[in-house]
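Inspection log for the structure reproduced underneath, given as structure tokens.
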Amino acid sequence: MATLPPSSSIAGSSAVGRSRPDPPSLFLRSTAPLRLSVARPAVSARLYSSRPSSGANGSVGEPYPGGGEELQYGLPTPPRLAGGIPVFVTLPVDAVGLAGQMSRRKTMAASFMALAAAGVEGVVVEAWWGIVERDAPGAYNWAGYIDLVNLAQRFGLKVRMIMAFHQCGSGPGDPCWFPLPQWVLKEIEVNPDLQHSDRFGRRSKEYISLGCDVLPVLKGRTPIQAYSDFMRSFRDTFKGFLGIIITEVQIGMGPGGDLRYPSCPSEKLMQPRSGPELGEFQCYDKYMLASLNACAQGVGKSAWGNGGPLGAGNLFQNPEETSFFKSDGSWNTAYGEFFLEWYSGMLLKHGERLCIAADAIFWGFGMKVLAKIAGIHWHYSTNSHPSERLPPIAHMFSRYRMILCCACFDMRDAEVEQVNPDGSPEGVLRQLVRAARMCNLSLTGENSVTRLDDMSLQQVVRSSRFCRENLYGGHPLSFNFVRMNKNMFDSHNWTRFTRFVRQMSDARTFQARLDFGASEQLCLASASPSEDSGRALILRGFFLVSSACAPPVPSCLFSFFFFLSFFFIAYDYCTWGFIEFSQVVVHIWGLFKVPG
């Protein structure tokens with residue numbers, strides 16, 4: 001059985017210089033869709049180049065939830081990082097419309113002003129392939145995105161740009177419908193095998209099949225060449241902003257921008273309370289089948305190259321009720337190991353091709369480069385991990401100095417177990433952090449669902465601080481809130497969100513009890529203990545003076561100190577919480593009103 005490389009060899013692969021890395025040494029088998037599993041039994045990497053690792057620095061940790069043992073490497077405790085966790089906010093899907101123009105300019109400007117005042121670090125913008133290169137290959141229209149970047153610069157916000165090579169939405173009737181480029185769709189009509197397909201012949205248009213990555217199926221270009229040309233056009237168009245305003249670029253690597261197969265529709269990932277979906281193997285288009293057949297013949301087992309495994313069940317079947325995925329199923333046989341190794345290997349090769357392209361295109365521009373994996377956790381506690389197992393892409397990303405992005409930061413096991421006892425988003429996050437530590441890799445988090453309730457936001461705070469405290473020094477953590485909508489600016493939601501941003505920034509809260517015959521407490525946020533003390537002294541001084549000046553002292557003097565303290569607090573509320581002034585006036589007037 002193959003194992004992950006020891007920590008010493010992994011750390012060495014993430015040197016400061018960004019030299020051209022060697023191919024990844026080994027990888028784990030995977031099923032559909034794939035998830036990170038840094039500590040499960042692995043199989044030999046006979047289908048891809050492999051170099052033996054020397055030395056060992058490992059120990060066996062706690063029992064694995066589904067049985068067996070989890071391999072953990074003996075790593076020193078990481079130093080705690082100083083400072084806060086910057087928060088980004090993803091813009092609406094239609095921030096740039098299908099015509100290539102920025103949507104709702106005045107509303108967007110007001111939103112950017114509010115985000116900047118709330119302390120948000122920057123915004124995340126999806127650059128849709130289907131918009132920028134919509135009508136013809138090589139004809140790029142970045143006008144709407146140029147307007148967005150200029151607007152972000154105006155309000156002092158940074159920008160993370162996502163290279164979105166996937167489809168968004170379920171169809172033309174979906175308000176969030178952004179298809180692949182029209183000329184690509186015409187190629188798909190001529191050659192339907194450019195789409196992934198399951199054993200029932202159901203095809204997915206979310207993302208071009210990985211089987212044709214290096215085949216000239218797009219007007220004489222390969223898909224990897226088309227993606228590379230797109231990224232190169234982005235770099236050349238925004239060269240003056242790179243590393244200054246546009247500080248991060250995220251490379252889309254599959255459906256929903258995640259490095260995964262379209263075994264599960266992207267809409268499913270936005271419904272964490274729905275039933276656990278098993279998914280289907282996406283290996284039945286002619287390009288994937290040709291690759292599988294060639295690999296089977298290479299190991300002298302031509303019968304293994306005819307398609308996916310039998311007995312894999314259906315979309316919503318319990319894994320333990322299938323002959324392939326049950327605990328003692330055929331996934332753990334020689335055939336199962338061969339197939340899952342090939343299946344995960346195809347995904348790894350696709351990810352590495354994009355990593356190589358991004359490294360060559362963006363090297364030297366002072367930007368962070370990210371890639372994302374999906375937060376699929378539905379069968380985490382099973383032995384076979386049918387919906388969660390993922391090759392060690394953390395090791396691959398570390399070789400190219402990538403930053404790993406993952407969702408699940410807002411989800412709790414207790415919440416998921418009500419619907420699916422086998423799911424564990426917190427377990428997935430823990431394993432992700434272990435993998436990042438072993439590979440000396442930076443992380444950025446996301447929420448799975450757009451929620452602004454206190455329970456969800458506090459879970460994000462806990463998850464983020466857990467990740468930050470368990471990563472090595474020098475690898476800061478950030479968080480991306482997905483996504484901005486009109487409900488965010490509702491007074492109650494906005495108050496919760498600004499409080500959340502301050503908590504992520506490690507801001508402390510000062511509570512000044514204003515005893516005007518009532519028991520209310522007025523909470524004002526500040527960025528440092530010194531500011532807390534100063535604000536406390538000023539508020540207390542205004543309060544004491546205004547109280548001492550109560551009648552029979554001349555009313556003009558009383559009014560002066562009363563309204564001076566009144567507007568001081570109102571200004572403080574508006575500055576730190578970005579609450580509407582009228583709401584502050586009503587609230588503080590109630591606090592200062594003397595009974596009787």
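The analysis underlying the following values was restricted to heavy atoms, covering all of them including side chains, and did not include hydrogens, waters or symmetry mates. This structure is a prediction, so every number in the text was calculated from the model and none was measured.
Ile208 is listed as a side-chain neighbour of Tyr227, based on a closest heavy-atom distance under 4.5 Å. Side-chain atoms of Asp229 and Tyr140, non-hydrogen and from C-beta on, do get closer than 4.5 Å to each other. Two residues are said to be in side-chain contact when any heavy atoms from C-beta on lie closer than 4.5 Å; Leu194 and Cys212 meet this criterion. Annotation: side chain of Ile131 is in contact with side chain of Tyr145 (closest heavy-atom distance under 4.5 Å). A 4.5 Å side-chain heavy-atom check between Gln458 and Gln503 finds at least one atom pair inside the cut-off. Looking only at side-chain heavy atoms (C-beta outward), Cys405 and Glu446 come within less than 4.5 Å of each other. You'll find the side chain of Phe165 reaches within 4.5 Å of the side chain of Met231, heavy atoms only. Side-chain contact between Ser478 and Glu121 is absent, with no heavy-atom pair separated by less than 4.5 Å.
In terms of heavy-atom proximity, Gly169 sits nearest to Asp174 at CA-OD2, 3.4 Å. Contact detail for Ala118 and Val501: the closest heavy-atom pair is O-CG1, 3.4 Å. The two residues Cys168 and Trp128 have their closest heavy-atom pair at CB-CH2, 3.3 Å.
Listed for the Ser456 side chain is no donor-acceptor partner under 3.5 Å among the backbone atoms of Leu452. A donor-acceptor pair is defined here as one N or O able to donate and one able to accept, closer than 3.5 Å; such a pair exists between the side chain of Asn447 and the backbone of Val449. Between the side chain of Glu426 and the main chain of Asp413, a donor-acceptor pair closer than 3.5 Å is present. Between the side chain of Thr247 and the backbone N or O of Ile244 there is no donor-acceptor pair closer than 3.5 Å. No side-chain donor-acceptor contact under 3.5 Å links Asp359 to the backbone of Cys355. A distance-only check finds a donor-acceptor pair linking the side chain of Thr450 to the backbone of Val482 [under 3.5 Å]. With hydrogens and angles disregarded, no donor-acceptor distance shorter than 3.5 Å links the side chain of Ser204 to the backbone of Pro262.
Note that CG of Asn493 and CE of Met488 are 9.0 Å apart. Values are rounded to the nearest 0.5 Å. The CZ atom of Arg134 sits 4.5 Å away from atom CD of Gln182, with the distance rounded to the nearest 0.5 Å. With rounding to the nearest 0.5 Å, the separation of CZ in Phe88 from CZ in Arg160 is 5.5 Å. Here the CZ-NE2 distance, from Arg203 to His196, works out to 11.5 Å after rounding to the nearest 0.5 Å. Atom CZ in Phe155 sits 6.0 Å away from atom CE in Met113 (nearest 0.5 Å). Distance CE/Met253 to CE/Met402: 4.0 Å, rounded to 0.5 Å.
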Step by step, would you call His350 with Ile224 a side chain to side chain contact (heavy atoms under 4.5 Å, CB included)? CA-CA 9 Å; His350 174 71; Ile224 296 296; 4.2 Å; yes

Check the pair Leu259, Leu354 against side chain to side chain contact (heavy atoms under 4.5 Å, CB included), reporting the backbone distance first and the verdict last. CA-CA 10 Å; Leu259 181 56; Leu354 285 170; over 6 Å; no

Would you check, one step at a time, whether the test salt bridge (charged side-chain N to carboxylate O under 4.0 Å, His left out) holds for Lys372 with Glu126? CA-CA 13 Å; Lys372 184 185 173 187; Glu126 290 143 325; over 6 Å; no

Side chain to side chain contact (heavy atoms under 4.5 Å, CB included) for Arg401 and Val369? Distances and angles first, verdict last. CA-CA 8 Å; Arg401 297 172 57 86; Val369 183; over 6 Å; no

Take Asp410 and Arg451, measure what salt bridge (charged side-chain N to carboxylate O under 4.0 Å, His left out) needs, and give me the verdict at the end. CA-CA 9 Å; Asp410 60 326; Arg451 293 170 50 185; 5.2 Å; no

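None of Leu404, Val428, Asp258 except one satisfies the side-chain contact (heavy atoms from CB on, under 4.5 Å) rule with Ile373; the exception is Leu404. The side-chain contact (heavy atoms from CB on, under 4.5 Å) test with Leu91 singles out one residue from Val159, Val124, Leu148, and that residue is Leu148.
Using cut-offs of 30° and 60° on the angle between ring planes, the pair Phe234 and Trp142 is tilted.
Using a cutoff of 4.0 Å between basic side-chain nitrogens and carboxylate oxygens, Lys349 and Asp213 are not scored as salt-bridged. Salt-bridge annotation for Lys219 and Glu133: absent, with no side-chain N of the basic residue lying under 4.0 Å from a carboxylate O of the acidic one.
Surrounding CZ of Arg154 are at most 12 heavy atoms belonging to other residues, nucleotides or ligands under 6.0 Å away.
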